[in-house]
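Report on the structure given below.
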Amino acid sequence: MEALWENLSGTHQQVVPITVFVAVLCFCLVIGHLLEENRWVNESITALIIGCVTGTIILLISKGKSSHILRFDEELFFIYLLPPIIFNAGFQVKKKQFFHNFFTIMLFGVIGVFISSFIIIAGSYLLFPKFDLDLKPRDYLAIGTIFSSTDTVCTLQFLHQEETPLLYSLIFGEGVVNDATSVVLFNAIQKLDISRIDIWTVLQVFVDFLYLFSTSTALGVAAGLLTAIVLKGLYFGSHSSIREISLMVLIAYLSYMLAELLSLSGILTVFFSGIFMSHYAWHNVTDSSRITTKHVFAMMSFIAEAFIFLYVGTDALDIEKWKMNKLSVWNSIGMYSSVMLMIMLGRAAFVFPLAAVSNCLNRSPTGSSSLQFKHQIIIWWAGLMRGAVSIALAFKQFTQMGVTLDPAHATLVTTTIIIVLFSTIVFGFLTRPLVSYLVPHSANIDRESSVNKEDMMLPLLSTGESASSNLLRAKESLSMLIERPVYTIHSFWRRFDDTYMRPIFGGPRSSQSAC
């Protein structure tokens with residue numbers, strides 16, 4: 001009986017904090033709903049503020065011993081909380097706009113991370129020793145990726161997708177690709193031999209990054225196409241739509257775990273599996289399953305994101321980390337200001353130059369695909385906020401199971417938390433007036449390029465036409481490719497998709513669906 005009582009006590013000790021956290025999470029959702037009409041704050045800001053209030057209450061009740069309901073585990077974040085967020089982003093993305101602006105999104109989300117990381121690494125290497133922080137070279141490299149990961153959700157809340165589809169697509173797409181690139185680059189750094197850093201070391205990081213990026217993407221595409229083939233061939237909906245939804249969820253999660261097992265990027269894998277599932281597999285299920293999947297995936301993502309920000313709010317008051325922080329008040333302020341300044345400079349260093357490159361490659365007669373300066377300002381601002389991925393990477397680098405025994409590492413963890421809190425809350429509150437001023441509602445509506453839809457539907461080559469006609473079409477396509485490379489590649493893909501992919505994997509033709 002005594003052993004049974006001890007087991008019950010142990011179970012009780014585990015259940016109580018989970019119960020309290022779920023109750024606070026429910027309260028957070030209710031408050032978020034009541035503030036929805038306000039539109040000045042989003043769910044992230046609400047969860048952070050409630051988390052801070054909850055941490056303060058727990059700190060007072062425990063008489064200054066702890067502010068935690070649960071102990072953070074970065075593995076829990078990467079295995080259970082992050083996959084539904086990224087998968088839903090891929091599943092819900094407007095694929096037409098995403099792939100039409102794919103090159104620009106990859107410029108900002110991939111090349112931009114490298115530029116931003118380099119500036120933050122260089123700045124931290126020069127400034128952090130002035131604060132008496134004893135860090136290893138790998139720590140400096142990790143800091144670059146930690147503070148290069150963005151959270152663009154707040155800005156997206158105040159943009160109108162129908163009025164500014166180009167701007168919305170770029171910010172949304174860059175946010176997801178940025179997070180994936182940051183994690184891939186972080187993992188590549190962990191495998192790096194720090195004993196010697198030269199041009200070959202940099203080249204090795206770049207090669208490892210390309211390998212991880214390409215193989216992870218290929219695995220995600222394969223998972224999405226496999227799901228489409230299975231659903232189309234077996235037609236689960238004839239017996240149970242529950243099996244259709246379960247299969248999509250399980251294969252998506254299986255692709256993520258396989259990527260992690262193979263030391264690839266699970267974020268990229270599950271993102272592209274979500275894109276290809278919604279592009280092909282989603283059209284092979286019953287109508288009821290289509291409606292249910294969108295709501296189920298969005299719900300899972302919503303709860304996971306609220307869970308993360310609620311925890312970050314409580315962790316901001318972790319008294320143990322603050323006691324280990326040896327910096328004075330003024331040095332701490334200097335540290336936070338330096339990091340924020342590096343983030344702003346790193347962001348500006350790639351947004352404006354790469355926007356100019358994008359404008360050169362996206363030439364169109366109407367000029368609708370060009371990024372105006374005010375749009376570049378919004379893209380720059382959207383990437384200043386830091387979120388869950390930065391927190392997770394910081395915990396992964398500088399703690400073990402949420403606990404750190406090194407004062408320098410404790411300082412970096414608290415710095416990351418402060419940067420996330422400050423950027424999310426302060427910049428989040430300022431986002432609405434900035435967006436309203438630069439992009440007024442019902443004005444400056446971005447229009448798609450005026451394109452003849454029949455031309456979009458023409459195949460690359462037609463067996464029903466003569467060789468001379470096909471040759472003439474090839475010449476016209478080559479001319480378009482030189483004048484408007486990004487648009488032309490997108491056009492080629494749409495034709496190839498309609499001619500070969502959709503008949504095999506499912507989905508309506510482009511003329512029937514705007515995909």
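Computation of the quantities below employed the complete heavy-atom set of this structure, encompassing side-chain atoms and omitting hydrogens, waters and symmetry-equivalent molecules.
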Heavy atoms from other residues, nucleotides or ligands near CZ of Phe131 exceed 12 (cutoff 6.0 Å):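 Yes, because the 6.0 Å sphere around CZ of Phe131 holds more than 12 heavy atoms from other groups.
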With rounding to the nearest 0.5 angstrom, report the [atom1] to [atom2] distance, [X] to [Y].
| X | Y | atom1 | atom2 | result |
| --- | --- | --- | --- | --- |
| Leu393 | Leu185 | CG | CG | 10.0 Å |
| Ile45 | Ile425 | CD1 | CD1 | 7.0 Å |
| Leu225 | Phe276 | CG | CZ | 6.0 Å |
| Gln190 | Asp208 | CD | CG | 12.5 Å |
| Leu310 | Leu29 | CG | CG | 9.5 Å |
| Leu264 | Ser214 | CG | OG | 9.0 Å |

Parallel, tilted or perpendicular: which one describes the rings of [X] and [Y], with boundaries at 30° and 60°?
| X | Y | answer |
| --- | --- | --- |
| Phe108 | Phe350 | tilted |
| Phe427 | Phe422 | perpendicular |
| His409 | Phe398 | tilted |

Using side-chain heavy atoms (C-beta onward) and a distance below 4.5 Å, is [X] in contact with [Y]?
| X | Y | answer |
| --- | --- | --- |
| Asn331 | Asp132 | no |
| Glu174 | Val110 | no |
| His375 | Val439 | yes |
| Leu170 | Leu371 | yes |
| Ile267 | Pro83 | no |
| Ile275 | Phe91 | no |
| His279 | Phe505 | no |
| Leu262 | Thr215 | no |

For the ring pair Phe297 and Phe87, is the centre-to-centre distance below 6.0 Å? yes
Apply the test side chain to side chain contact (heavy atoms under 4.5 Å, CB included) to residues Ser149 and Val113: give CA-CA distance (whole Å), side-chain angles for both, the deciding distance (0.1 Å), then the verdict. CA-CA 8 Å; Ser149 175; Val113 169; over 6 Å; no
My understanding is that only residues two or more places apart in sequence, or in another chain, count here; which of them pass side chain to side chain donor-acceptor pair (under 3.5 Å) with [X]?
| X | result |
| --- | --- |
| Asn88 | Gln92 |
| Ser116 | Ser148 |
| Thr411 | Asn325 |

Testing the basics here: between [X] and [Y], what is the closest heavy-atom pair and its distance to 0.1 Å?
| X | Y | answer |
| --- | --- | --- |
| Met344 | Trp380 | O-NE1, 3.2 Å |
| Ala259 | Thr269 | CB-OG1, 3.4 Å |
| Ile50 | Cys28 | CD1-CA, 3.5 Å |
| Pro353 | Ala348 | CD-O, 3.7 Å |
| Gly144 | Ile121 | CA-CG1, 3.7 Å |
| Leu384 | Ser423 | O-CB, 3.7 Å |

Under 3.5 Å: donor-acceptor pair, side chain of Asp139, backbone of Lys136: yes
Relative to Phe78, does Lys396 satisfy both conditions: NZ or CZ under 6.0 angstrom from the six-membered ring centre, and within 45 degrees of the ring's axis? yes
Show, in sequence, the C-alpha distance, side-chain angles and deciding distance for Ile251 and Tyr256, and conclude whether the side chain to side chain contact (heavy atoms under 4.5 Å, CB included) test is met. CA-CA 9 Å; Ile251 291 183; Tyr256 181 88; over 6 Å; no
Contacts under 3.5 angstrom, residues 332-341 side chains, donor-acceptor by atom type, not counting sequence neighbours:
| residue | atom | partner | partner atom | Å |
| --- | --- | --- | --- | --- |
| Ser332 | OG | Ser328 | O | 2.8 |
| Ser337 | OG | Ile333 | O | 2.8 |
| Ser338 | OG | Gly334 | O | 2.7 |

Test ring-ring contact (aromatic ring centres under 6.0 Å, His included) applied to Phe373 - qualifying residues, sequence neighbours left out: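 Phe352.
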Residue set satisfying ring-ring contact (aromatic ring centres under 6.0 Å, His included) with Phe209, at least two apart, ordered chain then number -> Phe114, Phe213
Between Phe186 and Gln397, is the side chain to side chain contact (heavy atoms under 4.5 Å, CB included) condition met? List the steps. CA-CA 9 Å; Phe186 180 88; Gln397 178 69 23; 3.5 Å; yes
Side chain to side chain contact (heavy atoms under 4.5 Å, CB included), that's the test. Do Thr150 and Arg386 meet it? Break it down for me. CA-CA 5 Å; Thr150 64; Arg386 297 296 176 262; 3.5 Å; yes
Going by distance alone, is a donor N or O of one side chain under 3.5 Å from an acceptor N or O of the other, for Thr104 and Ser358?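 Present: a donor and an acceptor within the cut-off.
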